[in-house]
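Only one structure is covered here, and it is reproduced in the block below.
Note that this is a predicted model, so its numbers are computed, not measured. In the text below, chain A, chain B and the rest are named by the order of the sequence lines, each starting its count at 1.
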2 protein chains.
Amino acid sequence: VQPFGDRVVAAVGALGPICVGIDPSRALLDAWELPDDASGLRVFGGRCVEQLAGAVPVVKPQVAFFERHGAAGMSAFEEVLSDARSAGLVVIADAKRGDVDNTSAAYADAWFRGPFHADAVTATPYVGLAALGPLVEAAQATGGGVLVVCATSNPDGRALQEAVTADGRTVEVALLEGIGEWNRRLGAESASGAPDGEGGSPSATGAVGPVGAVVGATRSSTGLPLSDVGGVILAPGVGAQGATPDDVGRRFGGCRPGTVLPSASRSLLGAGPGRLRDDARRLRDDLAAALR
Amino acid sequence: VQPFGDRVVAAVGALGPICVGIDPSRALLDAWELPDDASGLRVFGGRCVEQLAGAVPVVKPQVAFFERHGAAGMSAFEEVLSDARSAGLVVIADAKRGDVDNTSAAYADAWFRGPFHADAVTATPYVGLAALGPLVEAAQATGGGVLVVCATSNPDGRALQEAVTADGRTVEVALLEGIGEWNRRLGAESASGAPDGEGGSPSATGAVGPVGAVVGATRSSTGLPLSDVGGVILAPGVGAQGATPDDVGRRFGGCRPGTVLPSASRSLLGAGPGRLRDDARRLRDDLAAALR
């Protein structure tokens, strides 16, 4: 199977740089005139997939909205995942998982091998990047991706993410650099395993690694080593949360083409299913122009 | 409904200071001669509840092990939650959830109001403590608890958690102090709402707040302001991960009695269901002696 990063680059190359959130919040179910139960989630997800397949490369269902309805909601989530993948969409499960030890190994099974398997899963690094090892190994083995939350724009998140580690780097810079090193190491391993591999690190034209970063599109990227991440960068916050295509262009323009996924949810979903496809295409084209 | 913290103090007072993990990993399902599927999860959980009810005050099912089997696994999780609560156990859903914005509100619905509602849920603070606001509000409103991961002992976690914030505190100290302030604020609010409330902050004999902390039992507590947290302290890592009852006594002895929940999983579960009750009681008594 083609690795996650390469699939993203190919899909973005074909359609344009955008990821659309599938976020069936109570408010959006209401706006779509759907019941706030598992059947509402299922219809909401199905309509999103219908409208978005062929128009955008990547979707990102947020697991929290499905969890609200317990196991029945998670059954709707399973269906949305599988519908979206069958429709040719690359699917990022926005689950923000992260823990130490054998729990991390269980997450790896859940998100890359079990019924919830997606193309990639988002992860949270409070217990450190290394703790995500089992998730990254499973991603590497199955052609998946792990997108690690690094930099958000909320003030309280800033305080933690700008704290300075013992080696003088901020937490967010240390994470982003750690992700870059991890991808280079994994790239070197695969290269040395290939019969005619040249070894060395993936260059700007080489493979895209399985470890990516989540960096808020609302967040100034000054001082963030984004161009060395070597993986996919998911940038949520376009639209309702305040980032414009121009912000995206300014903040992520230096990244390797095809690896940046600006993500919008409410601003596209709020108008109901009827306008979703057209609105998503328009935003996709605006983002493509801004990142050109 | 009696608030979470008070329920924990009462249950620990009646039975002793221990929380037992319900962790149906692949390895433990195998050791218990159960199939690695949703039916295995269901039987594993049911036997844990049978063995532990009346012997320990608190259990902590780890959601990751149920997620491995998708929606069917989450249906088993729902059943375990409800069995455990019916059997009089206080239940902490070990889910490590955490996100910003309206996702945090969805988590609040999921873990305090939906079919997965538990007595408390664990949370991860990479996007900051304030982002957990909707979860804490829901906990306060429903008599639940939110236990925030603060300090773990894995080396990579140490680097992040010991990073220094702009005000000169480490990340973990800032979180623990922030939790203490939050509990005092919530305590003052409830006190000022009561007709004969004296206002002011909960003292060592006052209410236990809804916000708690997760601090590894394997982690030296030197420099951590544990006695001012004002909520429940969950201390995983007893047994298989290396912490002894003596470690627990040394590290958490200064905390308010009844608020510390040392937690063990594999060391108790590994011997199979037949010995679980007796082994859990023995460890409970050793922990009670160490914390006396």
- B:Thr124 portion near chain A, given a 4.5 angstrom heavy-atom threshold: side chain

- Item | Engaged part of B:Ala130 at the chain A interface, taking heavy atoms whose separation is under 4.5 Å | both

- Message: Quick check on B:Gln62 against chain A: is it the side chain, the backbone, both or neither that has a heavy atom closer than 4.5 Å?
- Response: side chain

- Query: Do the side chains of B:Glu67 and A:Trp111 get nearer than 4.5 Å, heavy atoms only?
  - Reply: yes

- Side chain, backbone, both or neither: which part of B:Thr165 has a heavy atom under 4.5 Å from chain A? both

- Item | N/O donor-acceptor pair under 3.5 Å between A:Glu78 side chain and B:Ala71 backbone | yes

- Contact check, side chains of B:Met74 and A:Phe66, non-hydrogen atoms, under 4.5 Å: no

- Task: Give, as side chain, backbone, both or neither, the part of B:Asn102 having an atom under 4.5 angstrom from any heavy atom of chain A.
- Result: both

- Which of the residues A:Gln241, A:His69, A:Gln161 is involved in the greatest number of heavy-atom pairs with chain B at under 4.5 angstrom? A:Gln161

- Contact part of B:Arg97 toward chain A, heavy-atom cut-off under 4.5 Å: side chain, backbone, both or neither? side chain

- Item | Gap separating the CG atom of A:Asp109 from the CG atom of B:Asp36, nearest 0.5 angstrom | 8.0 Å

- Item | Side chain, backbone, both or neither of B:Asp101 within contact of chain A (heavy atoms, under 4.5 Å) | side chain

- Query: Do the non-hydrogen side-chain atoms of A:Tyr107 and B:Arg68 ever get within less than 4.5 Å of each other?
  - Reply: no

- Note on the structure: From the list B:Gly157, B:Ala27, B:Ala106, B:Gly98, the residue making the most non-hydrogen contacts under 4.5 Å with chain A is B:Ala106

- Message: As an exercise: rank B:Thr152, B:Thr122, B:Asp23, B:Val149 by heavy-atom pairs under 4.5 Å with chain A and give me the winner.
- Response: B:Val149

- Tell me, for B:Ala95 versus chain A, whether the close heavy atoms (under 4.5 Å) come from the side chain, the backbone, both or neither. backbone

- Item | Residue among B:Ala159, B:Ser265, B:Pro125 with most heavy-atom pairs under 4.5 Å to chain A | B:Pro125

- Task: Select one option (side chain, backbone, both, neither) describing which atoms of A:Arg158 are under 4.5 Å from chain B's heavy atoms.
- Result: neither

- Most contact-rich option vs chain A, by heavy-atom pairs under 4.5 angstrom, among B:Gly114, B:Ala108, B:Ala64, is B:Ala64

- Among residues 169-181 of chain A, which ones touch chain B with a heavy-atom distance under 4.5 Å? A:Val171, A:Glu172, A:Leu175

- Message: For B:Val100, which atoms come within 4.5 Å of any heavy atom of chain A: side chain, backbone, both, or neither?
- Response: side chain

- What part of B:Arg113 is in contact with chain A, defined as an atom under 4.5 angstrom from a non-hydrogen atom: side chain, backbone, both or neither? neither

- Query: Given B:Asp156, which of A:Leu132, A:Leu129, A:Val127 fulfils the side chain to side chain contact (heavy atoms under 4.5 Å, CB included) condition?
  - Reply: A:Leu129

